[in-house]
> 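Sharing a structure with you now.
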Amino acid sequence: MEDHFKKVVSHSKEYGYIFQSSEIYDGLSAVYDYAQNGVELKKNIREYWWRSMVYMHQNIVGLDAAILMHPTTWKASGHVDAFSDPLIDNKDSKKRYRADVLVEDYAEKLNIKAQKEVAKAKKRFGESFDEAQFVSTNPRVVKYLADKEAALKRLNTSLEKEDLADVKALIEELGIACPESGSKNWTDVKQFNLMFGTKLGASAESATDLYLRPETAQGIFVNFLNVQKSGRMKIPFGIAQTGKAFRNEIVARQFIFRMREFEQMEMQFFVRPGEEMKWYNYWKETRLNWHLSLGMGDENYRFHDHEKLAHYANAAADIEFNFPFGFKELEGIHSRTDFDLKAHEEFSGKKLKFFDPEINENYTPYVVETSIGLDRMFLAVLSHSLQEESLEDGSTRTVLKLPSILAPVKAAIFPLVKKDGLQEIAHDIVETLKWDYNVIYDEKDAVGRRYRRQDAAGTPFCITVDHQTKEDQTVTIRYRDTMKQERIAISEISEKLKISISYKDWLS
């Protein structure tokens, strides 16, 4: 899987998906630029989320709040006092790590060991294998899972109590070594605030201290009443937003999985107090179904229910995806109670209540949040789609099997040869299709090489204009995933593409 991850990173650059930011100046750590194909894939993922979240729900509307907000916003939200990570340094390698991630990675290794034991037993016993009984009775599996749960429980308890000394003690007792050097020579654990500071004003003397927003949710909360009144919204209703957020991640790693500048897709759903758990479970199911709609395999997703809850939550779960480096958080669903609106009421002095005519009551709504990292979703799609295939003739091909609804380029148009008027016909097809689809023209190299190039770039369809086209106005359409080809009329191309990228077919 490590080799696969390295291929994902190199493929991203070679095929115009992601570049290191400021690369000619040796780059900037954990900051990346989305290249010509990457910006299209990112836009398509964002659009897929937006349509499902806003267009498919009559009681959800959109918002685009500013990145810069009044500094008291972050005092009210708790970010000034509590938005920090527990960090630990290795004295020998001089590398810094998140202490909680070190323990979580250790626990995941125990889980993988347990699953390997299950897989071996399943292979040995075949159809008669009772997995549940094996997991509950096999001594090695029982120990692996018990040790995993014990480590995570102690970590969560220590973090809740802010007992950083015990977090260090846990790391030492588990024998966790520096992933780079293998050293177990650790410093004490310290908290580090993650917000980027900046200033607003013409001079240093009069400037106001501000923060780059570390999340997009607060822009929704402070606009709750504006949206509700101007849109005449009734509870329950939601406000959706996509946008940049910034965190001074000291331990940024794993390519675009954890970055300092990233994009979120969030929706805050306002509900009656007492109904939050009903909606929390609804959104857990709805969001998982959205992920499954892309066809990336049910086995690659799982829920992780939080034992340690944030100060604002009464329930929380992550949808985890099986990245090349293991199962990691992709999306969070949180029941945030009424913490945010009440905190902003207190700090602003403005009422943020809703009058519910159905029950004739004035109350502060509870909030259920769905929050997904767009960059993480991008990485999930890209890493799952990149495949090496062995072909019948003994050769291999690199293919990026992106869901066609998300693919940057929907079709590549080729003239078989650069003469006999085939180029002109191909250009005419491009001119017709470009109004509705992102398509490209390619005439360089033999047609087989062009197919391989488009396979690796993730283009679902290749359309070749040949000499028969001049006779009967038909072309060859080749399908990326199967490599099968068929003859269709030029007039049918648009409908073929339309069927493959219908939001109704993908989301329903």
Side-chain angles (χ1 to χ4, degrees), residues 74-91 95-111 144-179 184-195 214-215 217-218 245 247-254 257-258 260 262 280 302-320 325-337 339-340 343 369 371 373 376:
W74 306 111
K75 186 70 176 173
S77 67
H79 284 82
V80 171
D81 298 320
F83 190 59
S84 55
D85 278 344
L87 301 181
I88 190 168
D89 292 341
N90 186 272
K91 295 178 182 177
K95 293 293 183 180
R96 179 167 287 177
Y97 300 93
R98 273 183 55 176
D100 55 333
V101 171
L102 286 175
V103 177
E104 288 168 358
D105 286 349
Y106 174 88
E108 181 60 22
K109 288 176 183 176
L110 292 174
N111 185 58
Y144 287 143
L145 295 180
D147 289 349
K148 168 196 162 187
E149 293 303 320
L152 292 176
K153 186 174 182 179
R154 181 171 164 187
L155 171 69
N156 291 332
T157 301
S158 298
L159 290 176
E160 283 178 359
K161 295 178 178 178
E162 297 186 6
D163 187 352
L164 300 183
D166 190 61
V167 176
K168 181 190 179 183
L170 175 61
I171 289 171
E172 291 176 335
E173 289 171 26
L174 295 175
I176 296 175
C178 169
K184 299 177 184 178
N185 189 12
W186 297 107
T187 65
D188 291 338
V189 179
K190 296 180 180 179
Q191 292 284 13
F192 184 85
N193 194 284
L194 301 177
M195 285 198 292
E215 65 175 30
Q218 300 306 319
R247 295 180 183 178
N248 191 14
E249 296 279 4
I250 297 301
V251 194
R253 60 178 186 163
Q254 293 165 328
F257 181 80
R258 191 181 300 282
R260 295 186 169 92
F262 57 97
Y280 170 74
R302 71 184 187 191
F303 278 115
H304 169 67
D305 293 312
H306 289 210
E307 289 185 21
K308 176 181 179 288
L309 295 175
H311 59 279
Y312 53 74
N314 64 357
D318 295 333
I319 297 174
E320 296 184 333
F325 37 83
F327 276 95
K328 295 288 183 180
E329 178 190 353
L330 180 58
E331 176 163 6
I333 298 96
H334 310 114
S335 176
R336 298 182 69 115
T337 68
F339 170 84
D340 300 281
E369 171 187 70
S371 177
R376 289 188 180 186

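FYI, side chains are in, hydrogens and waters are out, and symmetry mates aren't considered; it's all heavy atoms of this structure.
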> Taking all atoms of both residues into account, what is the closest heavy-atom pair of K148 and A107, and its distance?
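Heavy atoms of K148 and A107 come nearest at CG-O, 3.6 Å.
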
> Please find the pair of heavy atoms, one from A99 and one from V167, that lie closest to each other, and give the distance.
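Between these two residues, the closest heavy atoms are CB-CG1, 3.7 Å.
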
> Side chains of L164 and Q191: closer than 4.5 Å at any heavy-atom pair?
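When only atoms from C-beta onward are counted, Q191 and L164 do touch, with a gap below 4.5 Å.
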
> To check you understand the geometry: which heavy-atom pair defines the closest contact between A217 and R336, and what is its length?
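That would be CB-NH1, 4.4 Å.
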
> Which value, rounded to the nearest 0.5 Å, describes the distance between K109 atom NZ and E104 atom CD?
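If we round to the nearest 0.5 Å, K109:NZ and E104:CD are 13.0 Å apart.
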
> Which value, rounded to the nearest 0.5 Å, describes the distance between N185 atom CG and E172 atom CD?
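Separation between the atoms: 9.0 Å.
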
> Let me know which of K168, R96, R98 forms a salt bridge (Lys or Arg N to Asp or Glu O under 4.0 Å) with D89.
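Going through the options one by one, the only one that passes is R96.
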
> Using every non-hydrogen atom in the two residues, find where I171 and L102 come nearest and quote the distance to one decimal.
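Scanning both residues, the minimum pair turns out to be CD1-CD1, 4.3 Å.
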
> Test side-chain hydrogen bond (donor to acceptor under 3.5 Å, both in side chains) on T337 and N314 and set out the steps.
CA-CA 7 Å; T337 68; N314 64 357; over 6 Å; no

> Do E215 and W74 have side-chain heavy atoms sitting under 4.5 Å apart?
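Yes, side chains in contact.
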
> Compare all side-chain heavy atoms of F327 with those of D318 and state whether any distance is below 4.5 angstrom.
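No. Closest side-chain heavy atoms not under 4.5 Å.
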
> Drop me the distance from L110's CG to L145's CG, to the nearest 0.5 angstrom.
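Nearest 0.5 Å value for the CG-CG distance: 8.5 Å.
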
> When rounded to the nearest 0.5 angstrom, what is the spacing between CD in E369 and OH in Y312?
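So the CD of E369 and the OH of Y312 are separated by 5.5 Å.
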
> Less than 4.5 Å apart, side chain to side chain, heavy atoms only: is that true for W186 and N90?
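In contact.
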
> Within the 4.5 Å heavy-atom criterion, are K184 and I176 side-chain neighbours or not?
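A side-chain contact is absent here, since even the closest heavy-atom pair is not under 4.5 Å.
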
> Can you measure from CG (L87) to CG (L194) and round to the nearest 0.5 angstrom?
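It is 7.5 Å, given to the nearest 0.5 Å.
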
> Please report the closest heavy-atom contact between C178 and Y97, naming both atoms and the distance.
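C178 and Y97 have their closest heavy atoms at SG-OH, 3.0 Å.
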
> Could you check whether any side-chain heavy atom of E108 comes within less than 4.5 Å of a side-chain heavy atom of L152, counting everything from C-beta outward?
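Result no, sub-4.5 Å side-chain heavy-atom pair not found.
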
> Side chain to side chain contact (heavy atoms under 4.5 Å, CB included) between N248 and M195: does it pass, once the steps are laid out?
CA-CA 6 Å; N248 191 14; M195 285 198 292; over 6 Å; no

> Do E331 and E320 have side-chain heavy atoms sitting under 4.5 Å apart?
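Sidechains of E320 and E331: no contact.
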
> Any donor and acceptor pair, going by atom type alone, linking the side chain of R376 with main-chain N or O of E329 inside 3.5 Å?
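Flag set: sc R376 to bb E329 pair under 3.5 Å.
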
> Distance from R247 atom CZ to R260 atom CZ, nearest 0.5 Å?
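With rounding to 0.5 Å, CZ (R247) is 13.5 Å from CZ (R260).
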
> Do you know the tightest heavy-atom contact between A317 and F303?
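Closest pair (atom of A317, atom of F303, distance): CB-CD2, 4.5 Å.
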
> Going by side-chain contact (heavy atoms from CB on, under 4.5 Å), name the residues that satisfy it together with A169, two or more places apart in sequence or in a different chain.
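Here the qualifying residues are R154, D166, E173.
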
> So do the side chains of P86 and F192 get within less than 4.5 Å of each other, counting heavy atoms only?
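Side chain of P86 against side chain of F192, heavy atoms only: no contact under 4.5 Å found.
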
> Which residues pass the ring pair (Phe, Tyr, Trp, His ring centres under 6.0 Å) test with F257, not counting sequence neighbours?
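In terms of ring pair (Phe, Tyr, Trp, His ring centres under 6.0 Å), with neighbours along the sequence ignored, F257 is linked to F323, F325.
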
